[in-house]
Visitor: 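Below is one structure. I have some questions about it.
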Amino acid sequence: MTDEPVLRMEGITKIFSGVTALANVDLSLARGEVHALVGENGAGKSTLIKIMTGAYTRDGGQMFLEGRAVDFRTPEDAQAEGVVAVYQEVNLLTFRTVAENIYLGREPRRFGLIDWKRMNADAAALLKRLGLDIDPRAPLGSLNIALRQMVAIARGVSFDAKVVVLDEPTSSLTEHEVQILYDVIRRLKAEGTAVVYISHRFDELYTVCDRVTILRDGRFVATRPLAGLEKIDLVCLMLGKQREELRQGTTAFKGATEAAAGETPLLSAENLKRGRKLNDVTVEVARGEIVGMAGLLGSGRTETARAIFGADSVESGEVRLEGKTIRRGSVNEAIDSGIAFLTEDRKAEGIIPELSVRENLTLAALPALSTLGVVSRARQAEIVDKFMKRLGIKAANADQKIRELSGGNQQKVLLARWLCKNPKFLILDEPTRGIDIGAKGEIQSLVGELAESGLGVLMISSELEELVEGSSRVVVMRDGQRVGELRGDDISQANIIRAMAEGTTGEATAASTATAHVTDTTPPAATPPSVPPAKGA
Amino acid sequence: RKESSSGGSGGGGGVAGGGQNNAGGKKVIGFSQMEMDGPWRIAETESIKGEASKKPDKYDLRVTVAQGDTAKQAANVEDLVAQRVDAIFLAPRETVGFEQALATAKSANIPVILVDREASGTAGDDFVTVLKSDFVKQGQRAADWLATASNGKANIVELSGTSGASVTADRGKGFRDEIAKHPEMKIIQSQTGDFNRAKARDVMQNIIQARGKEITAVYAHNDEMALGAIQALEAAGMKPGTDVLIISVDGQKSALQAILDGKMNVTIESNPRFGPLAFATLEKFWAGEKLPPIVGIEDRLFDKTNAAQFLNEAY
Amino acid sequence: MSQAATTIDEGGSAHGRLMRARFASFAQRQGALIALVAVCVFAAIRYERFLTEENLVNVLRQNSMLGLVALGMTFVILTGGIDLSVGSLMAVAGVAAATLAGQGALIAVVAAVALTTVLGLVNGVIIAKARIQPFIVTLAMMIAARGLVLAYTGEKSVGIGKSSETLTSLGRDFVGPVPVPVVFLVVLFALGWLVLNHTRFGRHVYALGDNDEAARLMGLNTARVTIGVYALSGALAGLAGVLDAARLGAGRPVAGQGDELNAIAAVVVGGTLLTGGQGSVLATLVGVLLLGLIFNVFNFEGWISPWWQAVLRGLFLLVVVIVQNRLSRRK
Amino acid sequence: MQNATPANSSGGSTAAGASRRAGARSLLADYGPTYGALAALILLVLANAVFTPNFADVNNFRNILLQVAPTVLVAVGMTLVIATGGIDLSVGSVMAIAAALAATNLERGLLPAVLLGLAAALAVGILNGALISGFRIQPIIVTLALLITGRGVAQVISRGGQIILIDNQNFMSLGKGFVGPVPTSVVVMLLVVAVAIFVMRATSFGRYVVAVGGNESAARLAGVKVHRTKIMVYALSGLLAGMAGLIEAAKAEASDATKVGLYIELDAIAAVVVGGTPLTGGRVTVVGTLIGALIMQVITTSFNMLGIGFAWSLVLKAAIILVAVYIQRPKVA
Ligand SMILES: Nc1ncnc2c1ncn2[C@@H]1O[C@H](COP(=O)(O)OP(=O)(O)OP(=O)(O)O)[C@@H](O)[C@H]1O
Ligand SMILES: Nc1ncnc2c1ncn2[C@@H]1O[C@H](COP(=O)(O)OP(=O)(O)OP(=O)(O)O)[C@@H](O)[C@H]1O
Ligand SMILES: [Mg+2]
Ligand SMILES: [Mg+2]
């Protein structure tokens with residue numbers, strides 16, 4: 001294992017229209033190692049692996065595969081040499097079947113024509129081996145995001161590659177699927193494949209990775225064995241800080257305040273119903289309160305948020321802000337009455353890629369910034385300046401296109417888009433997904449601050465620490481239903497997990513308003529009735 | 001409009017020219033028009049329609065229009081044949097392109113009379129005859145008039161018709177062949193004006209800018225373009241009709257008016273009223289008369305002397 | 001245990017969605033097919049001579065050139081592209097074949113089709129390599145090719161002449177009861193279907209239209225596929241142009257004008273999405289016939305003025321597309 | 001209440017400083033003319049001034065503006081449509097409808113005729129927008145259908161495709177009149193361009209247009225009224241096409257329903273893309289469109305003046321379109 005590395009990158013440099021994304025970065029992968037690549041948002045991780053796999057061309061540096069200098073011009077070249085990547089955003093073909101996605105470009109053929117039978121059989125076998133119950137003939141678009149991600153991973157491992165890169169593979173996976181992924185990684189490792197693993201979740205890194213390479217601002221910081229490297233030191237390396245400078249605790253929340261009893265809620269959403277996805281969901285949030293919303297993937301959290309915001313029309317139910325009913329299915333009325341919604345899918349539903357940071361930031365506030373439809377440049381600049389400072393948005397200037405920013409900074413701009421409107425109620429859907437630890441802390445402490453000044457927040461998150469430390473109450477969802485609520489000292493990771501899994505929250509909610517829903521809930525084994533029996537996992 | 005479905009279609013295989021499709025003694029006549037843009041084509045179609053409607057108990061006319069596309073028009077003829085009409089008037093878009101359509105009609109024993117243009121083939125065999133408006137001759141007559149009026153000395157701007165149209169080619173050719181006999185008559189600039197007044201006006205404007213006072217005559221392939229050219233000349237402070245002679249083809253009402261106003265000199269008629277001639281010819285054919293390969297239609301020449309007289313009957 | 005439950009749920013709903021997706025794509029195809037059948041039934045009842053062999057053969061033959069163009073267009077549109085140059089390429093091929101008719105039919109046809117294939121290839125190379133939008137590249141090709149063919153012919157049609165009967169027979173003769181262009185149409189549509197559904201190239205065409213960035217990152221040589229479809233479109237447009245010239249006995253510099261829009265309309269009416277990734281060649285055939293039949297019906301009527309025909313044609317196009325759209329969005 | 005985590009302070013100040021510096025530059029970069037197209041225009045004009053006799057002449061420049069006016073009006077509307085990611089093929093037919101309606105109603109008086117023409121154009125635009133946004137059908141198909149139908153409607157209005165002569169002096173002054181030394185239609189054109197630039201730069205509507213073109217669902221969730229914005233751009237495109245139709249009719253002193261605006265959609269699209277607005281939407285430059293249209297017009301004019309066949313000007317235009325778009329294409333990795 002100490003002999004020639006499988007793949008070695010030296011002095012890699014990449015410049016995007018004048019901006020240096022990578023400067024002189026080294027990376028060396030040994031046979032059969034799992035190599036973590038970490039760094040803040042925009043540190044250049046994705047860029048580095050795109051260069052490794054031929055998706056981008058490098059502006060400087062060298063790359064050696066098994067000691068041989070290589071120069072991949074396209075991902076096709078890289079694949080041919082056994083360097084394969086599962087890229088950050090789920091990037092597959094939604095109209096094509098699962099099997100086609102897995103074997104695209106390598107379709108088995110007979111007499112020059114595609115051998116569909118064999119392709120589907122091979123795909124079925126592969127998926128089964130990975131413990132996935134997916135019909136290889138299903139169009140990919142019919143799967144949810146998590147399963148699509150698993151298909152992408154299945155494709156990646158089907159190559160018998162020398163190097164497999166996984167760029168934030170778990171950002172939308174369930175715990176169960178993460179376990180499957182770990183098994184896959186261990187198998188690859190045993191076969192001598194080198195795996196590059198990018199993730200912002202430290203627990204995962206420590207579970208599967210052997211060594212770690214740290215990038216900061218496009219520069220190489222260090223490569224270290226993970227064993228023996230304390231988390232806190234890893235964070236320090238990422239941020240370029242000394243140990244003492246870092247605050248304790250995993251999140252930046254200071255412990256939430258609970259709403260005063262008896263007060264009329266700031267927001268109340270009652271009995272929202274939308275097909276099978278939302279079944280009679282009720283949520284209340286008081287002024288100054290952060291209500292967490294937990295649930296497994298696909299449990300209906302985003303649906304709830306969209307229903308409250310009017311982004312989807314609901315069949316029945318009512319949303320009231322400060323007692324005033326908001327017309328169903330009207331985003332504009334929701335916004336006008338003071339509701340804001342930070343979506344979970346930045347790329348598809350958040351940024352306007354070609355517009356500048358300035359225009360993106362002020363998009364929702366334009367009516368307030370304009371008189372008779374004419375926008376005041378001065379007031380716009382004032383707001384942009386203020387929020388770029390306040391949120392620490394890293395951009396060359398306010399006129400940089402938002403698509404050129406890293407994910408975390410894009411997220412901050414989108415948050416600022418809402419904050420500059422002084423909303424009364426803010427919905428955050430996975431506000432820190434795919435965001436580095438520094439930016440995460442900033443966003444978390446900001447949310448805390450805002451709540452202190454009277455903003456009501458509904459925070460959807462898959463990160464339990466975030467919910468536990470940030471919320472005064474946690475609403476738990478499952479299968480489109482609200483299955484419980486935790487408050488006060490009952491809010492703990494263990495309790496949340498139990499509620500998500502079993503649909504009961506124990507005595508904690510016995511006296512709360514949510515009890516009615518909880519007790520009505522059918523036991524988990526019975527839902528949904530139409531589902532075929534489970535295959536062992 | 002029930003009558004349009006061809007009643008009694010199987011009326012027995014008549015001899016060539018015999019009516020196979022006489023629904024209650026009515027003859028179904030197909031007219032394949034190439035396109036309907038511009039007053040000339042409309043007048044032609046109206047003339048044929050008008051003649052048919054004079055005898056509603058005798059003729060049932062079906063008009064197809066091909067949007068200026070030869071392929072489409074050939075298809076339209078085939079469609080008419082498939083309907084087993086009793087005769088077809090075909091105003092072909094261009095000379096070539098109708099061999100097969102004509103052959104189809106022939107094999108179905110449907111007589112075809114060509115209207116206003118020729119198509120390749122033999123009269124009396126591939127088709128009955130051509131009712132012809134001689135576009136080449138129109139060009140020649142325009143050139144003749146100009147040669148006389150200018151004493152064989154002119155710098156001419158030619159505004160030609162739509163690119164690729166056979167009239168454009170014919171009216172250009174006739175004119176050029178004729179002025180070639182006069183060494184001092186030159187076409188100093190030629191550009192397409194698409195048979196379109198607005199386009200011709202713009203083109204003329206640019207040519208005036210380039211050639212200015214050099215220009216002594218404008219030959220436009222139709223009246224619309226001549227009217228556009230007149231506008232451009234007036235805008236440039238030149239006097240159409242006196243400084244610059246304006247000659248065109250068609251004989252539409254607004255051109256006659258321009259002649260009366262002294263802004264235009266002459267327009268060679270291209271008579272669109274083929275209706276009476278077409279039906280008369282068809283009747284003769286059915287009556288078994290021998291027909292010449294070309295039946296000419298009379299084209300007049302309108303100038304100051306007769307414009308007022310024909311103004312009201314012009315289209 | 002709870003995790004296992006979620007996985008099942010996904011599997012179950014995935015299956016449900018699969019069925020619905022299949023139904024939706026069926027309904028989508030059905031939309032145009034239903035309209036086609038409806039028009040046929042209407043015409044058959046109203047016009048006695050509609051269902052004659054002669055008329056049906058006419059309809060097929062008249063639409064076979066547009067059909068070939070639309071076939072190529074289907075490939076292009078499936079990749080998410082568009083090809084506005086096909087009309088002009090028809091003219092180029094027709095004129096080229098007519099000009100070369102004296103050299104023998106084979107040479108004339110091969111050279112003409114080769115020429116437009118190369119022009120299609122140029123489209124593809126510029127689109128793939130210079131990364132300019134297909135709409136713009138093919139718009140430029142449409143304008144330039146038309147200009148060149150007009151300039152080359154001096155704006156006059158080039159007659160093929162009686163001597164080259166082999167060439168004209170391509171447009172005029174029959175194989176049994178079937179006109180030669182219709183034979184081309186049927187054979188090439190069958191081939192098109194085979195290529196799209198059973199070859200790598202075909203699947204990659206779909207992949208490219210589905211998500212080109214993903215296809216590239218998955219290691220597809222997207223440039224090759226792009227160049228391939230535009231070359232194919234050029235070739236089929238060229239063949240259509242040759243058949244058109246053969247049928248009419250002349251290569252016309254103005255041939256195919258507006259056919260790019262007709263072909264696009266036919267593809268869309270068939271139910272292929274302009275965004276790419278979804279659709280089929282058979283749908284296109286239905287679309288071509290549907291739009292072609294309207295003209296046939298107008299001709300049977302014989303009294304509707306061309307302007308009213310235009311009004312009706314546009315409205316019909318709109319209605320079919322709206323219905324199509326409603327059906328396909330039921331998923 | 002520690003508001004600054006370690007990483008916070010470093011990024012903020014640079015961003016704020018830089019943002020002010022680049023303020024002026026952004027005016028040009030985001031909404032302004034594209035230098036490639038401007039350079040091409042200047043080059044073309046200079047080359048012509050040298051090689052084309054009588055080209056460099058005030059009169060000629062006035063003619064160029066006069067001739068380009070209808071195309072520019074249509075192209076400005078097209079620019080907005082394209083900025084939302086759409087396309088409008090129906091503009092030529094809309095021109096014909098407006099011209100036909102105005103011409104056939106002039107005996108009712110100038111104002112009613114003009115208003116009728118413009119109202120019809122606006123209505124077709126709104127119909128386009130409503131179909132595209134309400135039924136979510138691809139713009140190219142909706143507007144293709146209206147291109148076909150609209151031409152037919154214009155011919156029906158024109159008493160069956162007749163050329164309708166115009167002899168209302170006031171109406172004709174739209175095409176032939178002057179405001180000072182500048183032709184009326186050029187004044188209209190410049191006004192429209194100026195207003196469009198202002199709207200795209202300074203108003204919230206302008207931003208909504210590019211936001212919708214850039215990312216429709218994001219725009220919707222940010223409170224942008226997407227439907228309204230789309231309907232508005234198609235309505236504007238229709239209205240501007242209507243104005244162009246009236247000007248064409250006034251210039252020709254006649255309305256020819258079969259010819260007015262024929263193929264102008266292609267000229268307009270060419271002007272837009274040569275000017276630097278990408279067909280993908282999300283970016284816009286009205287000045288660029290003006291420049292693009294002028295480039296095309298200068299080519300036409302100079303070819304007319306030099307007596308070079310129309311066919312060759314097509315070839316040159318195609319080349320210019322490709323080169324301009326190539327130069328302005330977004331940089332990719
Ligand atoms: N296509 C591009 N054009 C311009 N700049 C880019 C482009 N892609 C990336 N960058 C810039 O390069 C830098 C590195 O980005 P990269 O996506 O590699 O970061 P990352 O480490 O993967 O971040 P994240 O954790 O948010 O995914 C960032 O500053 C980003 O703005
Ligand atoms: N883009 C999408 N395409 C198809 N189905 C989707 C999509 N987004 C969500 N769903 C489905 O809608 C249902 C509810 O999903 P929702 O997004 O509300 O869940 P969630 O609890 O917010 O999960 P997530 O962690 O994914 O945000 C699930 O069945 C999910 O699979
Ligand atoms: Mg990344
Ligand atoms: Mg969610």
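Just so we're clear, the structure is a prediction, and the values are computed from it rather than from any experiment. A, B, ... follow the sequence lines: proteins, then strands. Residue 1 opens every chain.
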Visitor: For D/N54 versus B/Q209, what's the shortest heavy-atom pair and its separation?
Guide: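 The answer is O-NE2, 2.7 Å.
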Visitor: Would you mind checking which part of B/E224 comes under 4.5 Å of any heavy atom in chain D, side chain (CB onward), backbone (N, CA, C, O), both or neither?
Guide: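 When you check distances to chain D, only side chain atoms of B/E224 fall under 4.5 Å.
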Visitor: Can you tell me if B/R201 uses its side chain to pair, donor with acceptor, with the backbone of D/A252 under 3.5 Å?
Guide: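 Not a single qualifying donor-acceptor pair exists.
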Visitor: Roughly how far, to the nearest 0.5 Å, is the CD1 atom of D/I308 from the CD atom of B/Q191?
Guide: 9.0 Å
Visitor: Taking every non-hydrogen pair under 4.5 Å, which of B/Q231, B/M204, B/M36 racks up the most with chain D?
Guide: B/Q231
Visitor: Could you tell me whether a side-chain N or O of B/Q205 sits under 3.5 Å from a main-chain N or O of D/N60, the two making a donor and an acceptor?
Guide: no
Visitor: Using non-hydrogen atoms only, which part of B/A235 is less than 4.5 Å away from chain D: side chain, backbone, both, or neither?
Guide: neither
Visitor: Should the heavy atoms of other residues, nucleotides or ligands under 6.0 Å from NZ of B/K72 be counted, would the total exceed 12?
Guide: yes
Visitor: So, the side chain of D/Q162 versus the backbone of B/P39: is there a donor-acceptor pair under 3.5 Å, distance only?
Guide: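 Absent.
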Visitor: What is the distance from atom CZ of D/F310 to atom OG of B/S160, rounded to the nearest 0.5 Å?
Guide: 10.0 Å
Visitor: Working to the nearest 0.5 Å, report the span between OG1 of D/T258 and CZ of B/R41.
Guide: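 Interatomic distance, D/T258 OG1 to B/R41 CZ, rounded to 0.5 Å: 12.5 Å.
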Visitor: Determine whether a donor-acceptor pair (N or O, by modelled atom type, separation under 3.5 Å) exists between the side chain of D/E253 and the backbone of B/G228.
Guide: no
Visitor: Please check if atom NZ in B/K253 has more than 12 non-hydrogen atoms from other residues, nucleotides or ligands closer than 6.0 Å.
Guide: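 Result for NZ/B/K253: enclosed.
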Visitor: Nearest 0.5 Å, what's the CG-CZ distance between D/D256 and B/F195?
Guide: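 These two atoms lie 12.5 Å from each other.
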Visitor: To the closest 0.5 Å, what do you measure between CD (D/E248) and CG (B/D202)?
Guide: 7.0 Å
Visitor: Over all heavy atoms of both residues, which pair between B/S254 and D/L165 is shortest? Give the atoms and the distance, please.
Guide: CB-CD1, 3.8 Å
Visitor: Can you tell which part of D/L262 gets under 4.5 Å to a heavy atom of chain B, answering side chain, backbone, both or neither?
Guide: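 No part of it gets close to chain B.
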Visitor: Between B/N206 and D/Q67, does the side-chain hydrogen bond (donor to acceptor under 3.5 Å, both in side chains) criterion hold? Intermediate values first, please.
Guide: CA-CA 10 Å; B/N206 295 334; D/Q67 294 177 7; 3.2 Å; yes
Visitor: Which distance, rounded to the nearest 0.5 Å, do you find between the OG1 of B/T192 and the CG of D/N304?
Guide: 9.5 Å
